Amino acid sequence: MSSNAKERMLKRAAADIAPGMTVNLGIGLPTEVLQHVEPGLPVCLHSENGIAGVGPVLSPDKADRNLIDAGGAYVSAIPGTAFFDSAVSFAIVRSGRLDLSLLGAFEVAANGDLANWKIPGKFSPGMGGAIELAQKARRVGVIMMHTDRRGNPKILDRCTLPLTARGHVNRIYTDMAVFDITADGLQLREIALGTDLTELRAATGAPFHVPDQDLPRF
Amino acid sequence: MSSNAKERMLKRAAADIAPGMTVNLGIGLPTEVLQHVEPGLPVCLHSENGIAGVGPVLSPDKADRNLIDAGGAYVSAIPGTAFFDSAVSFAIVRSGRLDLSLLGAFEVAANGDLANWKIPGKFSPGMGGAIELAQKARRVGVIMMHTDRRGNPKILDRCTLPLTARGHVNRIYTDMAVFDITADGLQLREIALGTDLTELRAATGAPFHVPDQDLPRF
Amino acid sequence: MTLPDKRGTIEEAISAIGDGASVMLGGFGVPGTPFCLIRELVRQGPRNLTVIKNDANEAGMGVDWLLENGQVARLITSHIGLNPTAIRMMNEGVIEVEFVPQGILAERIRTAGAGMMGFVTDIGLGTPIEEGKPRIAMDGRTGLLETALRADFALIHADRADAFGNLSFSASARNFNPLMAMAARKTIVEAERMVPLGALLPEHVHLSGTFIDTVVELTELPEVYGVIQR
Amino acid sequence: MTLPDKRGTIEEAISAIGDGASVMLGGFGVPGTPFCLIRELVRQGPRNLTVIKNDANEAGMGVDWLLENGQVARLITSHIGLNPTAIRMMNEGVIEVEFVPQGILAERIRTAGAGMMGFVTDIGLGTPIEEGKPRIAMDGRTGLLETALRADFALIHADRADAFGNLSFSASARNFNPLMAMAARKTIVEAERMVPLGALLPEHVHLSGTFIDTVVELTELPEVYGVIQR
């Protein structure tokens, strides 16, 4: 995948962050979405280690040793930032105050199941806050490369790995396409520039609906 | 009862407040115990509306409109006072951080049962924080007149009124005596000046053990 | 990045409250009671309300205005001893009153605000408080299952607020306010003082604006907020 | 009335922790981790500990010292991905690891601190998280019963403390510290700065000293507390 396609995926996900939202950006690709959010947009970034109103990342020489985000990056406060304990932080999550949670994934299924915390026998560092973030945000978006390093699909009919949350993903952003997960199954919404449907079908491990009208490109 | 006997009862209860304790003084007689606590004693007074380190009561002209205790009295802060919300306040109570809770009572039974919040058909304003204060303090003391206005005993074999807490009272202070509630039943510990055992037995609705040695007077 | 602005008018904020709504009211006695929001609720007059508040205030203030105006069907509270109107209306069956031990009331509200369904406690075991609550066995002990207490609206009184809804409370006026702000579908705050974003230090914010929907600035502070002369 | 003085020495405070004890450690990554208390725990060397901490820190710091010194039998945590030693010892069966979703870990600890037995939540329903947890039906929904998580000791890092144990925390160093302080039988605090009683305004206290048993002043702040240069 070209870095260009990745940038367009990040930019596309950023476009769904609307004014007024409270948003949690997961570790990895979701965090990178931030670079594509319009600077003046009124939005509150939440970090599960106890921050609402996360500000820009700072270089180590300017960092406050006591102010990191959940991914360990040294971040800053902005006017209106608030700090709180971990119970309050997850009260925000579980009570539905996150308008949007963007998460990475190992696998996403056509029914909205998400697997992103454990690969039995290979990778089991613990789930951190992923379970709550995936289950309780009002909208859950997954942002990931369309296929794994070996070219295998990560969008599947059913997840094969232990689940993070069952049926809570609303939208998937990849370097190839944007899908919505609907009562009717996987729905293709947009397709990346330079990707065609045949290619997309081959790289996707679940059937999906294609709209009759022209597909927007991103 | 002479006001003298009441003062001695209050003073006797105050003597059980030891250095280092966190104490909740219930509305009514328990609050009056405060006047008999040595001014310099290191002790933390808790008020269930969200104060640890309650300071002296203030006259209305010096009062802070936002600073009352659970009984509605305008109180003050002292060096080291902290304010918190009602959930934290009862976390202190339920997690056993109150070394002592002093409560008023309608009835106390020889088995430690307490009734102090409801007289069916006559008085049912709600229990406020009485249930938790009676059930969860490490030690629970009841302070009350020995008999009701008609002269009927308030210390009974079994409570007749709806219970506040079952079996949690440790000590009873009245204008006539001090009792401990033990596995063995009601145990007379001290007797008021000018009260004799015959009088005390007549005014008490439950049998009690009398020690062999001389009874301390208060 | 800038934080959303949630300032609104008291009329519009309260107009969302319709007949039959459940409404949490902050406050323990006078401190922290949102008298101006309650006064506007009386002016707009929705009826058949379920009111959730620690106490019923006293005659001639706060909850009493709603009671006297016939807007309350049900009251969930810990103590109403200072309000003879509430006692009378309860005894006459005009309003239904559910008494909840104060710390359990706080925790049921917080449980809703923390997005949980209920909790298990031994408070009230073996007393009339136990009635109607399922018993749960845990680790060889017995507890009672208490349910989360939610509401459609929470009316909150803060000392200071910024436009995003970050709040700080004064002294014992904190009490149920931050808990209720977390537990309602819509939370409306009246603030004695609006301050610019950033004027409340991030460490000094008592409740994050993420829980707040509308912030109303009080332009006057009626006498009811003052020290009661007894 | 004056408030009790709880200042003590680090040696004496930590000496109460014996073999087999359960110990909560504050902190999320570096911020809020009580490194000096942990260092003293390593020096005194009690073994067979159950350690409860959000994460296992990183190689060469905090929890890692205890692991490398063979003092840990069991770790209750949400994520250990940054500590290869912890991963290796778990995989080799040298330590037992219980993973708990971060918000559930926080809430189980708070539930203990609030003197309750457990809570009901739908977090993890239909996933492997559900295993071993009783299902509870409430209001037509299904939840899982989560148990309160207590400990014998909590080791806490605060920015400022007074002699009574009133605490304030810096920025994201708050995290699990106030919750754990509430949930242990004995809570020991290390404070970067001791301030006189009253220097922390009553409204600015993050955790009341009623939850604290011993306050230790840090006379130096080792480099491990600093910004990590990657």
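Letters A, B, ... mirror the listed sequences (proteins, then strands); counts begin at 1. These figures come from a predicted structure and were not determined experimentally.
Only the side chain of B:L45 comes within less than 4.5 Å of a heavy atom in chain D; its backbone stays farther off. At a 4.5 Å heavy-atom cutoff, D:A148 makes no contact with chain B through either its backbone or its side chain. Neither the backbone nor the side chain of B:V93 comes within less than 4.5 Å of any heavy atom of chain D. Contact of D:F211 with chain B is made through backbone and side chain together, with heavy-atom distances under 4.5 Å. For chain B, no part of D:R150 is nearby; none of its heavy atoms comes within less than 4.5 Å.
Here the closest heavy-atom approach between residue B:A77 and residue D:P202 is recorded as CB-CG, 4.4 Å. The nearest pair of heavy atoms linking B:R97 to D:A184 is NH2-O, 3.2 Å. What you find for B:A52 and D:S208 is that their closest heavy atoms are CB-OG, 3.6 Å. For D:D162 against B:G80, the heavy-atom pair with the smallest separation is OD2-CA, 4.1 Å.
One finds the CE atom of D:M117 at 12.5 Å from the CZ atom of B:R94 (value rounded to the nearest 0.5 Å). Interatomic distance, B:T81 OG1 to D:L201 CG, rounded to the nearest 0.5 Å: 11.0 Å. B:I51 CD1 to D:T210 OG1: the interatomic distance, rounded to the nearest 0.5 Å, is 12.5 Å.
For the side chain to side chain contact (heavy atoms under 4.5 Å, CB included) criterion with B:I78, the lone passing option out of D:L3, D:T2, D:L197 is D:L3.
Atom CD of D:E12 has 12 or fewer heavy atoms from other residues, nucleotides or ligands within 6.0 Å. Counting heavy-atom neighbours within 6.0 Å of D:K133 NZ, excluding the residue itself, gives a total above 12. Heavy atoms from other residues, nucleotides or ligands lying under 6.0 Å from CZ of B:R65 number more than 12.
By the side-chain contact (heavy atoms from CB on, under 4.5 Å) test, B:T195 pairs with B:M176, B:I191, B:A192, B:E199, B:L200, sequence neighbours left out.
Looking only at heavy-atom pairs under 4.5 Å with chain B, the residue among D:G113, D:P196, D:A199 that has the most is D:G113. Most heavy-atom pairs under 4.5 Å with chain D: of the set B:T22, B:L41, B:V37, this distinction falls to B:L41.
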